[in-house]
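All values reported here derive from a predicted model rather than from experimental measurement. The sequence lines fix the lettering, A, B, ..., with proteins before strands; numbering per chain opens at 1.
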Number of protein chains: 2
Amino acid sequence: MDSLSEEAEQGASGAQTPDGAGGARRKPQTGTLGKAMEVLDVIALAETPPRFTDLLSEIDQPRGTLHRQISNLIAEGLVSVNADHSYVPGLRLLKLAARSWSGNTFRLLAEPHIRKLHDETGETVHLGLMSGLEVIYLDKIESKQTVRMHSQVGNASPLYCTGVGKAMLAMLPEDDCAARASQFDYVRHTETTLYTPELLLAEMAEIRSSGISYDREEHEPGIRCIAAGLGGVESGIIAGVSVTGPAFRISQDEMVRWKSLVLETARAIESDMEARLGPRSQE
Amino acid sequence: MDSLSEEAEQGASGAQTPDGAGGARRKPQTGTLGKAMEVLDVIALAETPPRFTDLLSEIDQPRGTLHRQISNLIAEGLVSVNADHSYVPGLRLLKLAARSWSGNTFRLLAEPHIRKLHDETGETVHLGLMSGLEVIYLDKIESKQTVRMHSQVGNASPLYCTGVGKAMLAMLPEDDCAARASQFDYVRHTETTLYTPELLLAEMAEIRSSGISYDREEHEPGIRCIAAGLGGVESGIIAGVSVTGPAFRISQDEMVRWKSLVLETARAIESDMEARLGPRSQE
DNA sequence: TATAAAGTTCCGTTATTTGGAACTCAATTT
DNA sequence: AAATTGAGTTCCAAATAACGGAACTTTATA
C-alpha cells in the first residue's frame, strides 16, 4: 500500500469545468477530444443502442467525419459494435472506471464510516459527491436483500430533489447556491418535489442551521431519506451521506432519530479528511 | 486503408475489446484521441496520483503539448486535479461506465441466472467477459456482506490463472488458444499457478471435454473456483460464470458438486442469448 | 533571499481533421 | 431479375486544430 498522498477530487470548484450536468448538449470547446466525447455521450446515454444513422441525425456532423470518429472510438475500445451495427459503450470504460473508483482516496477514507452508519441504522446508506448540478453516487451500502447490487454507484441525480443534493447545495456560498438553483431543469417527480428556485432556497436556511436535510419522497414516491453534507469549498470537495428508507416502514418523524448518527458520520469523515488529506495542502 | 490491426469480429452486445489487454502501452494509431487516451491510461493506472512532471517523464510529449492534452481532459471531466496538482481520473468516467454497465444487454440477460446460481450455492458468483488476454468481470454476486462490495466489477485478471479465464480460453479454436497461451506474461502467483504455455495447454483438452474448469488456488492462495464458459466465437461473445469459495471451507472435491449447477447456468444463459440476441440485438 | 524546479502561456509551423461527393453492399420494390 | 433505396464506407483538397520550442509565472528548496 502506498501512502495516501492524494487528495480527493474536486467536484465543483477549481478549473474550467462549466459542463452542463443536466443533460444539455454543449458546444465542444475541447477540440477533437470534445467531439469524440460528444459521440460517446450519445452512445452511452441512448436508451437503445443507436445505429449509424441514429447518431448521424443526433449529432451535427457530416457522414464521413462521424464515421471516422466512431472508428477511432472503436479502435480505442471505448465503443463496441454489435452484429447489427448498433453501438454500445466499450469495456474499456468499465476498466477505467473500476480503477478510478477503487483507487479513489476519498471513497476509501469514507467507506468505514458509511459502513458503520449502515450497521447502526440497518438501512441503505449512500455517499454522494457534488458535480455541477448533480450528485454522483460514489458508494452505497445496501440493506439486506440487495436486489440490484451497484445500481447506484456512478449514477447521477439532480441536486434539487435528493437528500444529499440539498445538503450539498446548502454548503455552498449563498450566491453560488442561488445561481445553481436558477439553473436546474426542474421536474416535479412527486407531490412534494421542490420545483421552483424559491421553494428550494426557502429550505436552505433550515438546512444550513441544522446541518441536516430531508428528502420527503421528493424524488421517488415511497422513498424517504435523511442526509448531511460534508467537506466544503475550501477543502475542494463537497460531499454528503444519507440514510434511505421506505416510507411504508419509516415515518417522517422516525427519520429524525438518525439525525445525530448521520451528523456524527459526516463529522467523522471530515476529520479523517483533514488528517489524511490535510498535511499535503499548503494554501 | 484503415488497417486497424485489431478490429475483426464484432460481437453481440458488449462484445470484446480486441487488443489492449496485457497492459503494454501501445503506439497511438488513433490520432488525437489515442494520445489523449494514453494520458488518461497513465493517470488511471498509476499507483499514486501522478503530477505534471511524472506524466512528462512517462509520456513522450513536449511540455506544452502534454499540458494542453491534460487541460482538455480536465475540461471534459475525464480527469480531475487535486489541490497539490496531482491528477486523478474524473467523475465522468464513473458516470459513463455506470450507464454502460446498467444498460449492458448481456449483463441484464445473465443476471437472473447468476443470481439463481448464487442462491443455489450460497457462494460468490462471477460473470466474466473475455477481452484480449484478460477476463473482465462484468458482474458479481457476493456471499453475505463481504468486506468490499463491488470490488471486482470492471476489474481485469489474466486468462491463464482464473477459472473463468481458462474456461473461456478452451472455447477458442485451438490455434487461437495456443496463440494467446504464448502471449501471456506469466506470473507464478501461487504454488499451483500454471506458469507456462505447456502447462496451460495441457489442461485445455480436459476443460474442452468436460466443459468445466477449476481454479485450484492458482491465482490467490485460499481461493478456489469452478467455472464454465459460454457463448463462442460465432456468437461474437465469449464469457464465463464461476462459483468461488474459500479453500478452508470447501475442498477441491466438494467443488465438484456444483458442476451441474454451473453447467446448467451457462447453458441457460446461452439459450437466453439466442432468444434475445439472435433475431434482434435489442429488446 | 536567491535559486531551482514545476507549472502555464504564447504563437508560427505542421499535421490531422474536416466535409462533400463518390462508391459499395444489402435489402426492398417494381 | 433488374432497379431503387438506404445504410455504411472510402477518398482527397481545404480548413483547422495540434504541435513544440521558448518565454514566462508561480511554487518549492537551499
A/R51 side chain near D/dG8 phosphate (N/O to OP1/OP2, under 4.0 Å):
yes
Separation of C/dG7 atom C1' from B/L56 atom CG, nearest Å, is 10 Å
For B/P89, the option from B/D41, B/L45, B/I43 that meets side-chain contact (heavy atoms from CB on, under 4.5 Å)
B/I43
Calculate the interatomic distance between A/I70 atom CD1 and D/dT9 atom C1'; express it in whole Å.
12 Å
Whichever of A/T32 and A/R63 has its nearest DNA chain C nucleotide further upstream toward 5':
A/T32
Assess the residue pair B/V39 and B/K35 against the criterion (side-chain contact (heavy atoms from CB on, under 4.5 Å)); give the C-alpha distance rounded to whole Å, side-chain angles, the decisive distance to 0.1 Å, and a yes or no.
CA-CA 6 Å; B/V39 175; B/K35 290 168 201 162; 5.9 Å; no
Check the distance between D/dA18's P and B/L73's CG and give it to me in whole angstrom.
12 Å
Whole-Å distance separating the CD atom of A/Q69 from the P atom of D/dT9:
14 Å
Rounded interatomic separation in angstrom, taking CZ from B/R68 and C1' from C/dG7:
16 Å
Looking just at side-chain N and O atoms, do A/H126 and A/D139 make a donor-acceptor pair shorter than 3.5 Å?
no
To the nearest angstrom, the CG-P distance between B/N72 and D/dA17 comes to 12 Å
5'-most contact on DNA chain D (nearest-nucleotide basis), B/G64 vs A/F52, goes to A/F52
Nearest-angstrom distance from the residue atom CG of B/N82 to C1' of C/dG7
15 Å
What is the nucleic acid contact for A/T65, judged by heavy atoms within less than 4.0 Å: base, sugar-phosphate only, or nothing?
base
Taking the nucleotide of DNA chain D with the closest heavy atom to each, which residue, A/D54 or B/P62, is nearer the 5' end?
A/D54
Is the phosphate of C/dG7, meaning OP1 or OP2, less than 4.0 Å from a side-chain N or O of B/T53?
yes
Counting distance only, does the side-chain N/O of B/W101 pair as donor-acceptor with the main-chain N or O of A/L94 below 3.5 Å?
no
C/dT16, OP1 or OP2 - any side-chain N/O from B/K35 closer than 4.0 Å?
no
Check the distance between D/dT16's P and A/Q61's CD and give it to me in whole angstrom.
13 Å
Give a yes/no answer on whether the side chain of A/H67 brings an N or O atom under 4.0 Å of OP1 or OP2 in D/dT9.
yes
Between the side chain of A/R180 and the main-chain N/O of A/G132, is any donor-acceptor distance below 3.5 Å?
yes
